[in-house]
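Structure first, commentary second.
Just so you know, residue 1 is the first one in the sequence shown, and it goes up from there. Computed from heavy atoms alone, side chains included, the values below leave out hydrogens, waters and symmetry copies. All values reported here derive from a predicted model rather than from experimental measurement.
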Amino acid sequence: MENLGYYNGKYDLLENMTVPMNDRACYFGDGIFEVAYCRNYKIYALDEHMDRLYESAAILGINIPYTKQQMCDILYDLIVKVDSHEQHIYWQVSRGTQPRDHAPAKGLTANLWVMIRPMKIKNTYEPMKLIVLDDTRFLHCNMKTLNSIPTVLASAKVAAAGADEAVLHRNGRVTECAHSNVSIIKDGCLITAPADNLILAGVARAHLIKMCESFGIPVKQQPYSLDELMNADEVIVTASSMLCRPAATVDGKSVGGKAPELLKKLQDALVKDFMDKTE
């Protein structure tokens, strides 16, 4: 198949799939999601993505009718049906199906959606253009929910500016990007926002932290400001789609570029980890 859509056991080409209008995802965005990349029909960091999905489900009280292993098995059964071995895999779990009512009915069973498209992971070494935007999202950013209107609005502004991503901040405190995490390197130390309710602690962010620790690079998980970002030795954007990309500009002003050897050491190690685990 060229691509694949899946809903509660049924699958077809994405353009042929339909879902019930009473799915709570359609009314309220009442659900959670994950995104991962596949190479050689191997899904990178799948266990970590599943852990985060089930953690969000527990916080929201969503009843997933599968164990983590069963969910992994479903994804692996689906990816081999797609022609390309390099894939973007998106899966979401909505709370369930019922006539529109803000209060969820008792005993709802979650619905599973999966969308698979051919896509290569982005070039980790290509510098990015960033813009700065106010973080107007709600205060539960640690849950990867379907409520993404602020991200949609930010992405429209990014596209209009001819940029790649938006750095979000709350009163000058950097939180994350619209689709990714952002960290900085200063004086040989990685500084990244704390994994509190203001950010979604990304899987790629966790990999960057672990790689730094393996090299003996100090890591500080603490708030930092826009001024600190603009004056950092390197600005690093992490996401499953790009692993570890540097920023070259923020709002048209040059940033980073002061610790290229350290940056490349981390990039090379993270790319090698991805390649090794998807061979």
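- Both Ile79 and Val93 are members of a single hydrophobic cluster when ILVMFWY side chains are connected at heavy-atom separations under 4.5 Å.
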message: Checking Cys212 against Leu266 for the side chain to side chain contact (heavy atoms under 4.5 Å, CB included) test, could you report, in this order, the C-alpha distance in whole Å, the side-chain angles of both residues, the deciding distance, and whether it holds?
response: CA-CA 7 Å; Cys212 284; Leu266 290 169; 3.9 Å; yes
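- A donor-acceptor pair is defined here as one N or O able to donate and one able to accept, closer than 3.5 Å; no such pair exists between the side chain of Asp164 and the backbone of Met128.
- Taken from CG in Leu168 to CG in Asp134, the straight-line distance is 9.0 Å, to the nearest 0.5 Å.
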field: salt bridge (Lys or Arg N to Asp or Glu O under 4.0 Å) between Arg173 and Asp196, intermediate numbers included
entry: CA-CA 13 Å; Arg173 172 188 163 177; Asp196 56 17; 2.9 Å; yes
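- Put simply, the side chain of Asp233 never gets that close to the backbone of Ala259: no donor and acceptor are under 3.5 Å apart.
- Interatomic distance, CD of Glu55 versus CD1 of Ile59, reported as 7.0 Å (0.5 Å rounding).
- Remark: Asn171 CG is loosely packed, at most 12 non-hydrogen atoms of other residues, nucleotides or ligands lying under 6.0 Å away.
- Separating the CG atom in Asp273 from the OG1 atom in Thr278 is a distance of 9.0 Å, to the nearest 0.5 Å.
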- prompt: How far apart are the C-alpha atoms of Tyr37 and Glu86, what are their side-chain angles, what is the distance that settles it, and do they pass the side chain to side chain contact (heavy atoms under 4.5 Å, CB included) test?
  reply: CA-CA 7 Å; Tyr37 279 76; Glu86 293 183 289; over 6 Å; no
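- Panel note: side chain Lys186, backbone Asn231; a donor-acceptor pair is recorded below 3.5 Å.
- Judged by distance alone, the side chain of Thr124 and the main-chain N or O of Met242 form a donor-acceptor pair under 3.5 Å.
- When all heavy atoms are compared, the tightest approach of Ala247 to Leu130 is CB-CD1, 3.5 Å.
- Leu46 and Tyr54 fall within a single hydrophobic cluster, where Ile, Leu, Val, Met, Phe, Trp and Tyr are joined by side-chain heavy atoms under 4.5 Å apart, directly or via other members.
- In this structure, Arg95 and Gly61 approach most closely via the heavy-atom pair NH1-O, 3.4 Å.
- Classification of Lys68 and Asp47 as a salt-bridged pair fails, no side-chain N sitting under 4.0 Å from a carboxylate O.
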field: Evaluation steps, side chain to side chain contact (heavy atoms under 4.5 Å, CB included), between Lys144 and Leu53
entry: CA-CA 8 Å; Lys144 200 173 178 73; Leu53 183 82; over 6 Å; no
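- Side-chain contact between Leu146 and Asp30 is absent, with no heavy-atom pair separated by less than 4.5 Å.
- Counting all heavy atoms, side chain and backbone alike, Ser183 lies closest to Leu190 at CB-CD1, 3.8 Å.
- To the nearest 0.5 Å, atom CG of residue Asp268 and atom SG of residue Cys244 are 10.0 Å apart.
- Remark: Arg52 engages Glu34 in a salt bridge, criterion side-chain N to carboxylate O under 4.0 Å.
- Comment: Arg137 engages Asp135 in a salt bridge, judged by a side-chain N to carboxylate O separation of less than 4.0 angstrom.
- At a cut-off of 3.5 Å, with distance as the only test, no side-chain donor of Tyr27 or Asp101 sits close to an acceptor on the other residue.
- Within a 6.0 Å sphere centred on CZ of Phe28, heavy atoms belonging to other residues, nucleotides or ligands number more than 12.
- Counting heavy atoms from C-beta on, the side chains of Met17 and Tyr6 never come closer than 4.5 Å.
- Residues Val174 and Val182 have side chains in contact (heavy-atom distance under 4.5 Å, counting atoms from C-beta outward).
- Lys258 NZ: more than 12 foreign heavy atoms inside a 6.0 Å radius.
- For the residue pair Ala239 and His179, the shortest heavy atom distance occurs at CB-O, 4.2 Å.
- In this structure, Thr192 and Thr238 have side chains that are not in contact, with every pair of non-hydrogen atoms separated by 4.5 Å or more.
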Enumerate, atom names and distances included, each donor-acceptor pair closer than 3.5 Å involving a side-chain atom of residues 113-123, sequence neighbours excluded.
unit_1: Trp113; atom_1: NE1; unit_2: Asp23; atom_2: OD2; d: 3.3
unit_1: Asn123; atom_1: OD1; unit_2: Tyr125; atom_2: N; d: 2.9

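- Remark: Glu2 CD is loosely packed, at most 12 non-hydrogen atoms of other residues, nucleotides or ligands lying under 6.0 Å away.
- Within the 4.5 Å cutoff, no side-chain heavy atoms of Glu234 are placed close to those of Leu262.
- Under the 3.5 Å distance criterion, the side-chain polar atoms of Gln92 are left unmatched by any main-chain donor or acceptor of Gly31.
- The structure places OH of Tyr11 at 7.0 Å from CE of Met1, a figure rounded to the nearest 0.5 Å.
- Residues Glu165 and Arg245 are not in side-chain contact: their nearest non-hydrogen atoms beyond the backbone lie 4.5 Å or more apart.
- Between the side chain of Asn8 and the main chain of Asn111, no donor-acceptor pair closer than 3.5 Å is present.
- When all heavy atoms are compared, the tightest approach of Leu14 to Gly5 is CD2-CA, 3.6 Å.
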- request: Run the numbers on Ile89 and Val35 for side chain to side chain contact (heavy atoms under 4.5 Å, CB included), then give the verdict.
  value: CA-CA 6 Å; Ile89 306 167; Val35 176; over 6 Å; no
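- Here the side chains of Met71 and Leu112 are in contact, with some heavy-atom distance below 4.5 Å.
- Side-chain atoms of Glu279 never come within 3.5 Å of backbone atoms of Asp276 as a donor-acceptor pair (strictly under, hydrogens ignored).
- Using a 4.5 Å cut-off between side-chain heavy atoms of Ile, Leu, Val, Met, Phe, Trp and Tyr, with links allowed through other members, Leu270 and Val203 fall into different hydrophobic clusters.
- A donor-acceptor contact shorter than 3.5 Å is absent between the side chain of Ser180 and the backbone of Val237.
- Counting heavy-atom neighbours within 6.0 Å of His140 NE2, excluding the residue itself, gives a total of 12 or less.
- Two different hydrophobic clusters hold Ile236 and Ile184 under the rule that ILVMFWY side chains link at heavy-atom gaps under 4.5 Å.
- In this structure, Ile191 is not a member of the same hydrophobic cluster as Val219, with clusters built from ILVMFWY side-chain heavy atoms closer than 4.5 Å.
- Taking CG from Leu243 and CG from Leu208, the interatomic distance works out to 10.5 Å, rounded to the nearest 0.5 Å.
- Smallest separation of non-hydrogen atoms from Ala204 and Ser240: CB-N, 3.9 Å.
- By the 4.5 Å heavy-atom criterion applied to side chains, Ile199 and Arg205 are counted as neighbours.
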